[in-house]
Protein chains: 2
Amino acid sequence: MGNLRSSGPEGVNQKERAMDALLEERVDNVGLMPMDAEQLRDYGHQMVDFIADYYNSIESFPVLSQVQPGYLHKLIPDSAPNHPESLQNVLDGEAKILPGVTHWQSPNYFAYYPSNSSVAGFLGEMLSAGLNIVGFSWITSPAATELEMIVLDWLGKMLKLPEHFLSTGQGGGVIQGTASEAVLVVLLAARDKALRKVGKNALEKLVVYASDQTHASLPKACQIAGIHPENCRILKTDSSTNYSISPDLLTEAILHDLGVGLIPLFLCATVGTTSSTAVDPLLELGKISKSNEMWFHVDAAYAGSACICPEYRQYLNGVEETDSFNMNAHKWFLTNFDCSALWVKASEANMVMDYKDWQIPLGRRFRSLKLWMVLRLYGLENLQCYIRNHIQLAEHFEALVAQDPRFEGSVSCPYVGDCGLCSSVVFFGNRIRYTFKTCGQVVTPRIFSLVCFRLLPHHNNEDDGNKLNHDLLDAVNTTGKIFISHTVLSGKYILRFAVGAPLTEERHVNAAWKLLQEEASTLLAGDPVE
Amino acid sequence: MGNLRSSGPEGVNQKERAMDALLEERVDNVGLMPMDAEQLRDYGHQMVDFIADYYNSIESFPVLSQVQPGYLHKLIPDSAPNHPESLQNVLDGEAKILPGVTHWQSPNYFAYYPSNSSVAGFLGEMLSAGLNIVGFSWITSPAATELEMIVLDWLGKMLKLPEHFLSTGQGGGVIQGTASEAVLVVLLAARDKALRKVGKNALEKLVVYASDQTHASLPKACQIAGIHPENCRILKTDSSTNYSISPDLLTEAILHDLGVGLIPLFLCATVGTTSSTAVDPLLELGKISKSNEMWFHVDAAYAGSACICPEYRQYLNGVEETDSFNMNAHKWFLTNFDCSALWVKASEANMVMDYKDWQIPLGRRFRSLKLWMVLRLYGLENLQCYIRNHIQLAEHFEALVAQDPRFEGSVSCPYVGDCGLCSSVVFFGNRIRYTFKTCGQVVTPRIFSLVCFRLLPHHNNEDDGNKLNHDLLDAVNTTGKIFISHTVLSGKYILRFAVGAPLTEERHVNAAWKLLQEEASTLLAGDPVE
């Protein structure tokens with residue numbers, strides 16, 4: 001300022017200052033426009049930096065949020081502002097939000113199943129938000145309908161789905177928000193098809209079959225569709241089939257229902273259950289469904305992604321017998337949430353179709369753009385590497401667990417034939433899998449990138465074991481260093497370690513295991529029984 | 001290269017070139033990582049520029065896509081690439097996508113209802129995609145649940161919704177994807193509440209009431225919920241009530257249904273119908289619902305936004321009698337699609353609630369962030385200005401139509417009392433509205449930012465009129481200069497001019513009217529009858 005002042009007569013400086021002030025005032029007065037290309041550019045760049053900085057510092061946050069219920073109400077005013085706030089102010093305000101975020105993208109996130117963000121998926125979301133079209137019918141944005149058909153054909157071919165699921169065949173794919181919506185829309189289609197045949201008052205006779213490992217979205221779909229709760233056959237599973245559906249049990253249930261005048265409507269099988277990645281035997285189940293004229297749906301929400309690798313495609317054997325197939329590209333396939341791919345066999349597909357008739361909502365976002373970005377910016381081979389890398393990391397974790405006698409984990413069968421260690425042999429399609437019940441070291445076999453394990457209970461006291469593992473889960477999660485979740489198998493509280501976050505590397509798996517061992521030692525040391 | 005070569009001995013240059021090559025190779029080999037903060041930053045900035053450039057050139061695209069069905073299949077390979085493509089390549093590829101886009105954000109978009117993108121909404125989408133959490137329960141990201149409760153309280157207060165819709169009262173708000181999902185979830189809640197009371201086999205007795213102007217999402221919701229089609233009472237409306245529900249007709253229908261042993265379940269009223277922005281009389285309908293113990297839902301998907309202005313709040317009078325209320329922040333409220341705000345009265349709201357139980361899907365995006373951005377970066381007063389500006393532009397268009405005797409449009413009532421021109425007087429809550437049937441210049445009154453109008457038919461021949469207006473719609477839409485849509489009221493084909501795109505200014509409205517006049521002249525000149 002001193003320099004400026006001395007650079008010319010006082011009058012000029014005053015004029016300059018006045019102009020500066022005016023210019024500043026104008027900018028302030030303009031404020032943020034509803035839409036303006038240059039403001040979007042300016043603010044958009046700031047937001048990109050904010051998000052990139054977030055990823056740079058993601059490991060500094062507790063993975064599982066440590067806030068108490070109601071924390072945010074205490075930090076935020078009771079009503080919206082009358083006047084605009086600056087972006088800087090709002091971004092600073094994110095300091096209030098971030099402690100309440102559970103960081104699904106952290107490399108130390110091993111809970112539930114992954115929900116992948118990726119550079120490509122993020123770009124696709126940006127583009128979709130930028131165009132912001134509402135593609136409920138073809139004409140409202142032809143590219144939205146056509147690109148969706150094309151990329152779901154691409155993905156269907158990567159999964160080697162039968163031709164009748166492709167738009168070039170007798171069916172087609174559609175992007176649903178979630179697997180819950182996918183199973184609901186096909187259940188509704190099956191229901192209405194059956195009711196047209198047997199009469200609209202026959203709803204109370206329709207029966208749906210699934211296992212006790214099937215995702216909770218199926219009972220929810222049944223409730224929405226008005227299937228009577230007592231007509232939802234939840235087939236029991238156990239370790240003798242690695243928690244997959246027993247075809248014999250299914251046949252038995254169907255025969256019983258037919259005997260009392262009920263109508264078998266719908267079977268939901270799972271490839272990679274939420275609990276333990278169990279794989280139902282599609283081929284056998286498909287035959288049973290077909291002979292009973294049931295709709296056969298496959299939920300491969302998580303494990304479907306792995307099936308783009310030839311060595312894992314076998315788990316889909318029998319998919320050619322199904323009526324609909326679903327996998328979540330937003331889980332383990334680098335496509336930001338939400339993007340749940342559903343393929344159906346029977347459709348009215350033609351040159352112009354309106355996706356609004358394939359889903360619950362009317363409006364729909366241009367979600368195919370992100371899948372399009374993912375498939376093109378990574379390519380099939382990189383996607384296969386991505387999957388294999390996570391499975392290798394899970395194998396690595398499995399090996400670590402196996403080396404600590406305090407834990408019970410899973411091991412892959414090292415034998416091709418009957419090893420003598422296995423108490424049961426289960427056939428999946430054309431593949432044989434073994435359980436190792438006799439060796440005392442197997443919770444349930446690891447198939448994909450999820451390892452089920454637990455601390456062994458004292459003196460085989462399962463009550464103790466359940467409490468012990470619950471405490472271990474709590475202990476590691478409250479450190480904020482990792483986030484794992486649990487399941488219950490045959491009444492046992494089991495810990496789940498699901499590898500699948502895009503940033504996870506071997507060092508994160510090693511650190512997680514070290515933490516689990518340390519917390520286990522602390523727990524066991526403090527345990528009066530020990 | 002020549003310069004470099006001469007700057008030192010040959011050996012050094014060779015070394016430099018080798019290092020350059022190595023560096024390039026390394027970059028190539030690394031490729032795009034699944035997630036990497038610096039790659040996200042680099043690519044993110046490129047995408048921001050791409051989108052900003054799109055908005056800079058948005059007026060150069062035909063508003064309504066002019067492609068033929070199947071155009072994209074011809075331009076795109078049959079399968080996904082094995083190897084990654086560059087971002088530049090993919091963005092260049094957008095040249096294939098963009099012709100198939102109908103540009104909802106164009107200032108010349110006047111079709112259906114608007115679907116607002118905004119700088120703030122776009123930033124919110126970016127942030128949501130960046131964090132990419134799946135907030136199905138409180139613990140999976142406490143901030144996602146708590147911020148949603150807070151911003152829906154904020155918006156509820158802006159709309160002066162009754163306390164029992166706020167989380168601080170006996171209810172709460174939830175963000176659904178669309179109004180279709182909103183009406184479905186409350187219909188399901190009403191259905192299951194009724195069936196618990198009267199028995200699960202009573203589904204065939206439940207009756208749903210709405211008008212012939214109610215959005216198609218209601219019949220779809222009924223179908224999903226298993227309400228028998230013959231139990232969907234579609235009450236007829238006409239110009240005598242400006243296409244709003246007649247309370248007398250409703251009472252009559254309910255009495256008839258009760259008389260034959262049916263059970264009135266659910267009434268859906270609309271504030272601002274899709275067809276013509278008709279407003280149902282909430283106060284009277286509320287009384288009828290209450291005395292018949294029906295669930296009363298209000299769909300204010302489009303017009304709800306206007307009700308943040310005190311002068312439009314009157315259209316919600318009676319909302320205190322309803323059980324649920326819905327407005328789409330993604331329509332005319334600057335919040336990118338999808339963001340449909342639903343408030344319900346009865347809830348299990350407490351400190352920790354899981355939004356998964358308030359919606360069809362399990363997983364959910366962090367959608368409150370974009371509404372949070374919109375409310376804070378614009379503030380209440382700017383949002384009110386935004387709404388008023390569009391309504392003024394619609395009034396302006398209305399005045400232009402009124403000046404051309406070849407057209408029939410709508411005029412607002414200039415009188416406070418009975419003007420003598422009106423053939424009917426309709427009461428909405430505590431407000432009186434007039435229809436101008438006698439003056440021959442009214443299609444239906446304009447209330448918000450939608451103008452219904454049409455070219456007058458020759459010699460009052462309505463068949464001619466319908467074809468004429470259909471042809472006019474086609475003519476203007478195929479120029480690509482504007483995009484308008486149509487409706488049918490009392491058997492007449494009516495043109496709809498909906499103002500609401502964030503970039504629309506008076507010059508766009510003027511140009512649209514000029515185009516409509518020109519195309520009308522061409523049509524009328526070529527018409528043998530004329």
Side-chain angles (χ1 to χ4, degrees), chain A residues 32 34-35 37 39-41 44 47-48 51-52 55-56 65 67 69-70 72 79-85 90 97 100-102 104 115 117-119 122-123 125-126 129-130 132-134 141-143 146 154 157 177-178 180-181 226 336 351-352 361-363 375-377 379-381 502-503, chain B residues 32 34-35 37 39-41 44 47-48 51-52 55-56 65 67 69-70 72 79-85 90 97 100-102 104 115 117-119 122-123 125-126 129-130 132-134 141-143 146 154 157 177-178 180-181 226 336 351-352 361-363 375-377 379-381 502-503:
Chain A
L32 184 63
M35 179 50 78
Q39 288 187 329
L40 181 141
R41 193 188 308 272
M47 186 58 89
V48 165
I51 294 167
Y55 278 100
N56 266 330
S65 169
V67 298
L72 198 56
S79 53
N82 278 323
H83 301 290
E85 298 180 47
V90 174
I97 305 291
V101 169
T102 292
W104 289 63
S115 170
S117 180
S118 70
V119 177
F122 177 71
L123 296 175
E125 282 285 16
M126 283 177 73
N132 202 46
I133 60 96
V134 186
S141 254
E146 299 197 7
W154 282 14
K157 286 175 187 170
T178 59
S180 303
E181 291 158 83
N336 288 44
M351 286 296 274
V352 176
L362 173 65
L375 295 177
R376 292 187 67 187
L377 289 177
L380 173 60
E381 287 182 13
L503 287 167
Chain B
L32 185 63
M35 178 50 77
Q39 288 187 329
L40 180 141
R41 194 190 305 275
M47 185 56 89
V48 165
I51 295 168
Y55 278 100
N56 266 330
S65 170
V67 299
L72 198 56
S79 53
N82 277 324
H83 301 290
E85 298 181 45
V90 174
I97 305 289
V101 170
T102 292
W104 288 63
S115 171
S117 180
S118 69
V119 177
F122 177 70
L123 296 176
E125 282 284 16
M126 283 176 73
N132 201 48
I133 60 95
V134 186
S141 253
E146 298 198 8
W154 282 14
K157 286 176 187 171
T178 60
S180 304
E181 289 157 85
N336 288 43
M351 287 296 274
V352 177
L362 172 66
L375 296 177
R376 292 187 66 186
L377 289 177
L380 174 60
E381 287 182 15
L503 287 167

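All values below were derived from every heavy atom in this structure, side-chain atoms included, with hydrogens, water molecules and symmetry-related copies excluded. Below, chain A is the first sequence line, B the second, and so on; all start at residue 1. Since the model is a prediction, treat every value here as computed from it, not as a measurement.
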Side chain / backbone / both / neither for A:Glu125 at chain B, heavy atoms under 4.5 Å:
side chain
Which one wins on heavy-atom pair count under 4.5 Å against chain B: A:Ala52, A:Pro34, A:Gly379, A:Ala37?
A:Pro34
With sequence neighbours left out, write down each residue that passes ring-ring contact (aromatic ring centres under 6.0 Å, His included) with B:Trp104, or none if nothing qualifies.
B:Tyr109, B:Tyr112
Residues B:Ile133 and A:Thr102: closest non-hydrogen pair is CG2-O, 3.3 Å
Can you tell which of B:Ser65, B:Ala143, B:Pro502, B:Gly177 has the highest number of heavy-atom pairs within less than 4.5 Å of chain A?
B:Ala143
Flag the one option from A:Tyr55, A:Trp154, A:Phe122 with the top tally of heavy-atom pairs under 4.5 Å to chain B.
A:Trp154
Applying salt bridge (Lys or Arg N to Asp or Glu O under 4.0 Å) to A:Arg41 and not counting sequence neighbours gives A:Glu38, B:Asp49, B:Asp53
Pairwise distance OG(B:Ser118) to CG(A:Asn132) - rounded to 0.5 angstrom
8.5 Å
Heavy-atom pairs under 4.5 Å with chain B are the metric here; pick the option from A:Asn56, A:Asn82, A:Val67 that has the most.
A:Asn82
Taking every heavy-atom pair that is under 4.5 Å apart, which of B:Leu503, B:Leu72, B:Val134 has the most such pairs with chain A?
B:Val134
If we ignore hydrogens and angles and just use 3.5 Å, is the side chain of A:Glu85 paired with the main-chain N or O of B:Leu377 as donor and acceptor?
no
Max heavy-atom pair count under 4.5 Å with chain B, selected residue of A:Gly363, A:Ser115, A:Gly44, A:Ser79:
A:Ser79
What part of A:Thr178 gets within 4.5 angstrom of chain B, counting heavy atoms only: side chain, backbone, both, or neither?
side chain
Hey, what do you get for CD1 (A:Ile51) to CG (B:Leu123), rounding to the nearest 0.5 Å?
9.0 Å
Chain A shares the most heavy-atom pairs under 4.5 Å, among B:His83, B:Glu181, B:Arg376, B:Met47, with B:Arg376
A:Ser180, part contacting chain B, at a heavy-atom distance under 4.5 Å:
side chain
